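Have a look at the structure below, then the notes.
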Amino acid sequence: MAQRRYLLSEDAIPTRWYNVAADLSSMPPPPLHPGTGQPIGPDDLSPIFPMALIEQEVSGERWIPIPDPVREIYSMWRPTPLHRALGLERALGTTCRIFYKYEGVSPAGSHKPNTSVPQAYYNREEGVTRLATETGAGQWGSALAFACGLFGITCKVFMVRASYDSKPYRQSMIRTWGGEIVASPSPDTAAGRAILEATPDSTGSLGMAISEAVEDAATRDDTNYALGSVLNHVLLHQTVVGQEARAQLAMAGAEPDVVIGCVGGGSNFAGLAFPFLADKAAGSDIRIVAAEPAACPTLTRGHYGYDFGDTAGMTPLLAMHSLGHGFVPPAIHSGGLRYHGMAPLVSHLVHTGLVEARAYTQSECFAEAVRFARAEGIVPAPEPSHAIRAVVEEVERAEQEGVERTILFNLCGHGNFDMAAYDAYLSGTMTDIELPQEELDRAAAEMEGLPTLG
Ligand SMILES: *Cc1c(COP(=O)(O)O)cnc(C)c1O
């Protein structure tokens with residue numbers, strides 16, 4: 001009988017995070033202060049982040065130790081299993097080997113607690129008693145509410161209106177773990193009130209919700225801000241995923257030819273892929289693929305330049321692929337992939353050719369999610385269905401080329417709270433949104449006048 005799951009014991013939980021910055025031949029351009037246009041320093045960030053995370057954000061050290069209390073909480077669900085997708089391989093009739101790292105076994109049902117736990121920990125260590133954040137699909141909000149609860153910190157979540165309305169049980173989960181939650185745009189902040197005045201029926205966006213959470217944190221002494229993706233320290237925390245996957249693939253006697261993840265802000269992708277990137281930098285011909293929605297095509301159709309991380313223009317300017325900070329993505333079911341920007345590290349890797357990007361429509365992704373659920377049992381979150389679509393494309397390619405490949409992807413969350421999306425797909429009412437070029441041009445025009453990248 002072929003082995004289906006590769007499990008590590010608790011003492012194999014990584015003891016350190018891997019910082020890809022140490023192995024890059026060139027670094028992404030630095031974040032700039034929105035007022036002065038100069039590179040930001042620690043003092044610019046200290047009003048909303050604890051110093052430990054600011055240090056990780058700019059660190060050049062290859063390995064950063066994971067504090068014992070964080071590792072102990074990780075042991076609630078880590079190490080996560082690596083699955084051989086035997087069922088999917090059979091359904092596809094392929095001789096390619098497909099493996100997936102399953103992060104849906106965490107309490108929140110996704111990879112997000114890998115970073116919410118250390119973020120809550122470092123904030124509490126520095127005396128912070130309240131955290132404000134945004135959430136798209138609700139995954140990050142629930143992960144942070146869970147972590148804050150463990151450390152006795154209050155958690156305020158601004159949840160994108162489109163998801164707030166379509167995923168009421170994510171709200172319940174946040175409240176169950178003790179979090180406070182409001183739909184964004186909300187009347188609780190100046191940024192939210194301004195948007196509501198202009199567009200009272202706004203479906204919200206991650207960019208708007210970030211503006212609200214940053215404003216909340218910046219205007220209260222007891223409150224810091226926490227971000228669930230995009231920033232270097234968030235990607236760093238996720239590298240437990242790829243480190244474990246490497247050890248598990250070694251158990252299986254396998255080496256990946258292709259590593260795939262879906263990208264919203266880039267963190268689950270980075271968490272799996274970065275520990276394999278050192279191999280690529282050292283000359284291995286491993287390919288690394290980032291899969292995004294055609295309705296929010298940041299890497300495949302966005303501009304690479306400086307842009308704000310939020311809608312209101314309060315955050316530092318980040319060097320990234322962006323659709324423009326005012327871009328409001330269509331209300332697709334992959335709420336976690338509706339972000340106008342991208343992690344500067346991931347953008348840099350795409351820009352320098354180390355990472356490939358592809359975009360897929362939501363119906364073609366749901367078709368693969370349903371095939372996957374029937375073959376593997378697990379119902380994927382809508383976000384990693386993009387990774388599964390890319391896996392199938394890789395299998396088709398390999399068949400055409402007459403080669404057998406080993407493919408690894410991140411099944412970064414389960415879809416048990418996303419049944420309305422599956423209903424839409426199964427009843428044939430799901431629609432795909434084509435973004436006209438003029439709309440993207442209009443959104444990108446907002447980046448004009450901001451610093452550019454050569
Ligand atoms: C948040 C989330 C994403 C998108 O965020 P990344 O930082 O790109 O990983 C994707 N999938 C799931 C399940 C999520 O919760």
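Owing to the predicted nature of the structure, the values given are computational and were not obtained by experimental measurement. Remember, it's 1-based here, ligands and their atoms both numbered in the order they're listed.
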If we ignore angles and hydrogens, is there a donor and acceptor under 3.5 Å between the side chains of T133 and W140?
yes
Please report the interatomic distance CZ(F269) to OG(S229), rounded to the nearest 0.5 Å.
12.0 Å
Contacting atoms of ligand 1, where contact means under 4.0 angstrom from a heavy atom of V263:
8 (O)
I need the single residue from I13, V70, N114 that forms a side-chain contact (heavy atoms from CB on, under 4.5 Å) with V240. Which is it?
N114
With the side chain counted from C-beta on, respond yes when R130 and D216 share a heavy-atom pair under 4.5 Å apart, and no when they do not.
yes
May I ask you to decide if the ring planes of H237 and W17 are parallel, tilted or perpendicular, using 30° and 60° as cut-offs?
tilted
Nearest to atom 4 (C) of ligand 1, what protein heavy atom do you find, and at what distance?
G336 O, 3.2 Å
Sorted by first residue and then second, give each salt bridge (Lys or Arg N to Asp or Glu O under 4.0 Å) pair with at least one member in residues 150-170; sequence neighbours left out.
K156-D188, R161-D165, K167-D418
Ranking K112, E103, E292, Q139 by closest non-hydrogen atom to atom 5 (O) of ligand 1, top hit is K112
Is there at least one pair of N or O atoms, one from G266 and one from ligand 1, spaced under 3.5 Å apart?
yes
Just which atoms of ligand 1 are under 4.0 Å from any heavy atom in S229?
6 (P), 7 (O)
S267 heavy atoms, cut-off 4.0 Å: which ligand 1 atoms fall inside?
6 (P), 7 (O), 8 (O), 9 (O)
Please indicate whether any nitrogen or oxygen in F269 is less than 3.5 Å from any nitrogen or oxygen in ligand 1.
no
Non-hydrogen atom of A137 closer than 4.0 Å to ligand 1:
no
If we only count heavy atoms from C-beta on, is the Q362 to Y425 side-chain gap below 4.5 Å?
no
Check: G413 N/O within less than 3.5 Å of ligand 1 N/O
no
Give the residue, atom name and distance (to 0.1 Å) of the protein heavy atom nearest atom 10 (C) of ligand 1.
E383 CB, 3.5 Å
Ring-ring centroid check F417 Y169, cutoff 6.0 Å:
no
Show the atoms of ligand 1 that are less than 4.0 angstrom away from any heavy atom in G264.
8 (O)
Does some non-hydrogen atom of H111 fall short of 4.0 Å from ligand 1?
yes
